Amino acid sequence: MPLNSMTSRVDGSSEGGRINTELLANTLALYATALVDELKARGYTGKVSVRADFRDGIPVLVATFADDPPKLVPKLWHGRRVIVEKEPAAAKPA
């Protein structure tokens with residue numbers, strides 16, 4: 001696993017500890033976890049999941065809620081767009 005950034009090719013400690021830019025998937029997973037924690041801290045008690053996705057080639061975070069999404073979801077989280085979706089209804093057994 002590389003421990004350098006795309007910009008300077010040196011380890012993160014000399015760059016002020018910034019997150020490794022070569023591992024975008026790992027970075028977005030960390031941002032997703034922090035977003036869930038922030039929503040809980042703001043008082044949201046329902047079920048929420050946040051995942052990384054690409055929309056039109058741009059990395060975004062997708063927040064999926066079991067019930068109606070709250071209004072407290074930020075539009076941007078650490079510079080990444082947050083897309084809010086409602087969980088699709090489960091298929092009824094026949």
Side-chain angles (χ1 to χ4, degrees):
M1 182 178 301
L3 293 175
N4 57 2
S5 73
M6 297 284 284
T7 54
S8 66
R9 296 281 184 221
V10 295
D11 66 27
S13 63
S14 63
E15 296 183 351
R18 80 176 198 195
I19 293 177
N20 190 339
T21 55
E22 285 190 356
L23 301 174
L24 183 59
N26 292 354
T27 301
L28 290 177
L30 290 172
Y31 291 166
T33 302
L35 179 55
V36 170
D37 290 344
E38 179 65 19
L39 292 173
K40 300 289 183 181
R42 290 183 182 186
Y44 183 73
T45 57
K47 181 181 173 193
V48 60
S49 64
V50 180
R51 72 181 192 286
D53 198 4
F54 282 88
R55 302 283 169 99
D56 297 325
I58 299 169
V60 297
L61 295 170
V62 179
T64 306
F65 295 88
D67 47 348
D68 290 328
K71 301 218 185 281
L72 54 88
V73 180
K75 301 237 184 263
L76 287 175
W77 185 251
H78 291 279
R80 299 293 173 191
R81 191 169 135 217
V82 178
I83 297 173
V84 177
E85 295 180 346
K86 186 172 180 181
E87 196 172 90
K92 295 180 182 178

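Computed from a prediction, not measured in an experiment: that's the story for all the values here.
Applying the side-chain contact (heavy atoms from CB on, under 4.5 Å) test to Ala29 and every residue at least two apart in sequence or in another chain returns nothing. Residues passing the side-chain contact (heavy atoms from CB on, under 4.5 Å) test with Ala52, sequence neighbours excluded: Leu28. When the side chain to side chain donor-acceptor pair (under 3.5 Å) test is applied to Arg42, the partners found at least two apart in sequence or on another chain are Glu38.
Val73 and Leu76 fall into different hydrophobic clusters, where Ile, Leu, Val, Met, Phe, Trp and Tyr are joined by side-chain heavy atoms under 4.5 Å apart, directly or via other members. In the hydrophobic clustering of this structure, Val36 groups with Val84; members are Ile, Leu, Val, Met, Phe, Trp, Tyr whose side-chain heavy atoms approach within less than 4.5 Å, directly or through other members. Under the 4.5 Å side-chain heavy-atom criterion for grouping Ile, Leu, Val, Met, Phe, Trp and Tyr, Leu35 is connected to Leu72 within one hydrophobic cluster. Val60 and Val48 fall into different hydrophobic clusters, defined by Ile, Leu, Val, Met, Phe, Trp and Tyr side-chain heavy atoms under 4.5 Å apart, directly or through other members.
In terms of heavy atoms, Arg80 sits closest to Pro59 at NH1-CG, 3.4 Å. Heavy-atom minimum distance, Val82 versus Pro74: CB-O, 3.3 Å.
Remark: the backbone N or O of Gly46 is paired with a side-chain donor or acceptor of Lys40 at under 3.5 angstrom.
Ring planes of Tyr31 and His78: parallel class, angle under 30° (limits at 30 and 60°).
Residue pairs meeting the salt bridge (charged side-chain N to carboxylate O under 4.0 Å, His left out) criterion with at least one member in residues 58-72, sequence neighbours excluded: Asp68-Lys86. Sorted by first and then second residue, the salt bridge (charged side-chain N to carboxylate O under 4.0 Å, His left out) pairs with a member in residues 52-66 read Arg51-Asp53, Asp53-Arg55, Arg55-Glu85; sequence neighbours excluded.
Trp77 is not listed as a side-chain neighbour of Val50, based on a closest heavy-atom distance of 4.5 Å or more.
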